[in-house]
Structures are given as structure tokens and as C-alpha cells.
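Read through the structure below, which is laid out as C-alpha cells, and then see the notes.
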Protein chains: 2
Amino acid sequence: MPDNKAVVKTGNEKSISPAVIKRLPRYYRYLGDLLKNDVVRISSKELSQRMNVTASQIRQDLNNFGGFGQQGYGYNVEYLYNEMGKILGLDRTNNIIIVGAGNLGQALANNQDFDSNGFKIIGLFDVNPRLIGMTVRGVEVYDIDMLETFLKEHEVMIAALTLPKSKAVKVAEQLVDLGIKALWNFAPVDLHFSEDILVENVHLAESIMTLSYRIHSQNQ
Amino acid sequence: MPDNKAVVKTGNEKSISPAVIKRLPRYYRYLGDLLKNDVVRISSKELSQRMNVTASQIRQDLNNFGGFGQQGYGYNVEYLYNEMGKILGLDRTNNIIIVGAGNLGQALANNQDFDSNGFKIIGLFDVNPRLIGMTVRGVEVYDIDMLETFLKEHEVMIAALTLPKSKAVKVAEQLVDLGIKALWNFAPVDLHFSEDILVENVHLAESIMTLSYRIHSQNQ
DNA sequence: TAGATTGTTAATCGATTAACAATC
DNA sequence: TAGATTGTTAATCGATTAACAATC
């Protein structure tokens, strides 16, 4: 009987490095722009010049997911754009709720970029009675007490956390308990859950601080 | 006559790697939290456990800027916090203008985190007559035509760009012409200027896309 | 002093770039 | 076919981790 070690697969066979993953949306954006400008094909070299990266990196990155190009030709823009969209999970509708309907939550709800990429904001939640009942771009603001009911009735994977630091951790725990799988966290705290709960942080204060650092370190 | 090559310095003698720079604000945040909780001293080991990084990395990162610790003792939290603040340029007032006074611009203007770290939003600008004249948290929204006048009267290094993609590039060029040194760009475009103009991007669409990628690639 | 913990050098790991054979 | 450009392997570069002598 032949031993069949290495036959059992660990789920994620070839895991893609975080560095690569972070670059994917930028490729997608450039390809979308090219498509809009009716560019039919592009070589890794030309794309590299536009994006200010190396052609080698582009080819390496793309080949993590398959051979999308053709020798002597380059890449078909529309095909590659669509394939990248599938890789990014943009070929389906990703329902999102926004918890915290203040300025930032409303700004997200109003952002058209999301809709056009398959993200659909289907509800905002807040504790503030002045906000509850409002609609933002057609999306209602619900009482945060309605979360459980709402999440039973709608399939939602992603919750954006646009609420004060003090409430973020507790609400995040509640959301995870209610079945949310991914947190898009705008609060200046680090959230820790089990491995299968995904967290993507947008730390604005940290972003502006790195800019400040660079300004003040510029000339020594 | 001794040759004195290597005496002329290139300005930035030991340039800090981008990876390190990006971690600095997070250290600063943790130290601030520790300080608030009246923790007087902390070892790299304990901090590493709280932050979920290696102690080695913390020591390496900090030692890019000097020896802030003491053998056998660790780091004095208040001292290190203050030193990090200086490194990040938070020990002075950093004036900011926000160009684009929509939801996102208003959200930034309302964000208290910035004030407490030495960032001061001193003006918003927009083309929309409905917004012009409004105040957000005490800060006025000006006609975008007033930019030149305003920037002559105020010392501003940083401009936040919270306006539509279509206008971002042109307005950015105008701001650079008017002497702005750093752009905090929220529009989904890449801005390219000469080396001394700093750009920090916050690409929200790209952020949510990486989350989407991770969701859909989770189980194969 | 003994114990703890830094600062720093050396080793490892991972990511980027270069090179080129394969091939359209 | 000849030229162009990919896919992929190998070389380089940079960042992280480990180790430990220095020292408080």
C-alpha cells in the first residue's frame, strides 16, 4: 500500500503573501481605467511604467493566480480585469452593514465606489435617536438594538465599525456573536478574534501620523 | 591635504525603512494607552505580547531613533511616549486644510483624534454653494476660490483631499503650486509630484477589496 | 551582587528583481 | 519565421527574528 502523505490538503494550498494581496486592488483599478479608455491589451512592461512598479513584480504577482497572459502579446485588459474581479470576490454582491451612523458612517454609505464593485450597504445602525429612522442614500439607519433581528433576516458578511473607540470592542464582539465574518474597523483599537474572523483596519490617525513623520524628518 | 570624502552628508543620513515608519504610530497609540492606565515602565517583552509582535522587532525599531530603554529595567512609558511624539512631529501644531467638504471631509473635521495629537484643521474648502459658509466643529467651509488667499495668510503644510476622483488631480496640482508640501489623499487616484511633495493615500475601496479577497479565499 | 533586559550583531526568512528559456 | 513578451527559476535585496554580550 503506497503511503499517501501529502495527499491531504490543508485547505489553503498555496497561500498568497499579504504583500501581494495588498497590491491586487491597485492592479484592478488600473485595469479598470485602461478598460474605460478602450485599451485592449497591455504588456507587463507598459503597465509597470504606468504603475511605477517593476514588470517582474506584476508578472510574479499575477502568476500566483494563474497564467493570464500570452507570450508575445501581453495581457488582454478586459479578460484580466474580469479575472482580477473574480479573485477579489467582486463578481458577487457583498452585503455590508455600517455600525455607527455618524459622519464617517454616512460618508461610507454615500461612497459610490463601493456599489460599482459589488459592495452593497444594506443598513446603518446607531444608538442616537436623532439618526435612527433617517435614510442615507436610500439606506435606513436602524436602532442598534435591531442588529440581531436584522442579521437574522439578511445575509451579511461584512460590518464596518465607524463608532467611537470606547464602544468598538464591545460592538465588535456582539457582531461576531451574531455571525459577522469580517470587520472593517475604523476605530483606533486592535480587534482580536479567532482566526476565521477577518479584520481590516483603517486607522486614520496612524495614517496622518506617518505623513507628519515624513514631513518633519525630511531635512534631517 | 587629507581627502575629506564622506564628510559631505546627504541630508538624510540613516533613512528609516517604510516598514518601520508605518509601525511607529501604533507604538505611540499603545504607549498612550499604557500611560492612561498609569503604567510607569514596560519591557519590550511585555509590550510585544500586548501588541502581538516580537520583542526583537520593538527593540530594533526603537533603536533606529536612539536608545530609549535601560538594561534590566525596560522603557519608561511616559518618556518613550513623549520621545515617539517628537519623532512623529506631534510636539508641534500641524495645520491642515480639507479640500472637499462632503461627508468624508466633514468626518475628518469632526474627528477628535486629530486635535489631541497636534493636528489642527483650520479650514474646509468646497465648490458647493450649499456648503460654503457652513461651519463644522467651529471650522468654516470656504469657497475653493479662496484657497490662494487663505494659504497666503496661514501656514499650512498638509491638505486632505476628500473630493471626487475627477477633480483630485487638478486640485492637487493647484495646492502644490500654492505651497502645500503634503497631500493626504482620499481619492482613488495616484498623485505624482516631485520628490519633496509627500503623498499619503487612504484608498478605502482598495481596503475593502482586500477584505473581500480574504473572505472569498478563506476556504480555498 | 544577581537578575533582568537592553542594544546590537549575526542568522534566517521573505519579498523583489533579474534573467532567460519557453512560446505565442 | 522573427520579434515580443510571458511564466518561472535563480540571484539579490531587505526585513524580521534569534542570540548574546553589555550593562543597569
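In what follows, chains carry the letters A, B, and so on, assigned in the order in which the sequence lines appear, proteins first and then strands, with residues in each chain numbered from 1. Values reported hereafter were calculated over all heavy atoms of this structure, with side chains retained and with hydrogens, waters and symmetry mates removed.
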query: For the side chain of Arg214(B) and the backbone of Val199(A), is there at least one donor-acceptor N/O pair under 3.5 Å apart?
result: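 Flag set: sc Arg214(B) to bb Val199(A) pair under 3.5 Å.
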query: Any sub-3.5 Å donor-acceptor pair from Asn64(A)'s side-chain atoms to Gln60(A)'s backbone N or O?
result: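 Pair found, side chain donor or acceptor close to backbone of Gln60(A).
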Only pairs under 3.5 Å count here: list side-chain donor-acceptor contacts from residues 165-174 of chain B, not counting sequence neighbours, and write none if there are none.
unit_1: Lys165(B); atom_1: NZ; unit_2: Asp33(A); atom_2: OD1; d: 3.2

message: Run through DNA chain D and report every stem of 3 or more consecutive Watson-Crick or G-U pairs, distances under 3.5 Å, ordered by first number.
response: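 Ordered by first number, the stems with DNA chain D (at least 3 consecutive pairs each) read C:3-24 with D:3-24.
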Position toward the 5' end of DNA chain C (nearest nucleotide), Tyr73(B) or Gly72(A): Tyr73(B)
message: Please compare Gln70(A) and Pro18(A) by the position of their nearest nucleotide in DNA chain C and report the one closer to 5'.
response: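 Nearest nucleotide further toward 5': that of Pro18(A).
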- request: Measure the shortest side-chain to side-chain distance between Tyr27(A) and Leu80(A) over non-hydrogen atoms and say whether it is less than 4.5 angstrom.
  value: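 No, every pair of side-chain atoms sits at 4.5 Å or beyond.
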Going by atom type alone, with no hydrogens or angles, which donor-acceptor pairs under 3.5 Å involve a side-chain atom of residues 67-76 of chain B and a protein atom two or more places apart or on another chain?
unit_1: Asn76(B); atom_1: OD1; unit_2: Glu78(B); atom_2: N; d: 3.2
unit_1: Asn76(B); atom_1: OD1; unit_2: Tyr79(B); atom_2: N; d: 2.8

- request: Evaluate the ring planes of Tyr28(A) and Tyr81(A), with Trp represented by its six-membered ring, and classify them as parallel (under 30°), tilted (30 to 60°) or perpendicular (over 60°).
  value: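 Because their plane-to-plane angle is under 30°, the rings of Tyr28(A) and Tyr81(A) count as parallel.
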message: Students often mix this up, so state it plainly: with edges at 30° and 60°, are the rings of His154(B) and Phe150(B) parallel, tilted or perpendicular?
response: parallel
Please tabulate, one pair per line, all N/O donor-acceptor pairs under 3.5 Å involving side-chain atoms of residues 99-112 of chain A, not counting sequence neighbours.
unit_1: Asn103(A); atom_1: OD1; unit_2: Asn110(B); atom_2: ND2; d: 2.8
unit_1: Gln106(A); atom_1: NE2; unit_2: Ala101(A); atom_2: O; d: 3.0
unit_1: Asn110(A); atom_1: ND2; unit_2: Gln106(A); atom_2: O; d: 3.1
unit_1: Asn110(A); atom_1: ND2; unit_2: Asn103(B); atom_2: OD1; d: 2.9
unit_1: Asn111(A); atom_1: OD1; unit_2: Asp113(A); atom_2: N; d: 2.9

- prompt: Contacts to DNA chain C from residues 23-53 of chain A, heavy-atom cutoff under 4.0 Å, which residues?
  reply: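 Under 4.0 Å from DNA chain C: Arg23(A).
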message: Applying a 4.0 Å non-hydrogen cut-off, can you work out what Thr54(A) is touching in the nucleic acid: base, sugar-phosphate, or nothing?
response: sugar-phosphate
task: Take Ile122(A) and Val139(A) through the test side chain to side chain contact (heavy atoms under 4.5 Å, CB included) and record every step on the way to the result.
output: CA-CA 6 Å; Ile122(A) 61 168; Val139(A) 181; 5.8 Å; no
task: Salt-bridge test for Arg26(A) and Asp61(A): reply yes if a basic N is under 4.0 Å from a carboxylate O, no otherwise.
output: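 Judged by the 4.0 Å cut-off on N to carboxylate O distance, Arg26(A) and Asp61(A) do not form a salt bridge.
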query: For DNA chain D, which nucleotides open and close the run of contacts to chain B, 5' to 3', at under 4.0 angstrom from a non-hydrogen atom?
result: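 Boundary nucleotides touching chain B, in 5' to 3' order, are dA15(D) to dC24(D).
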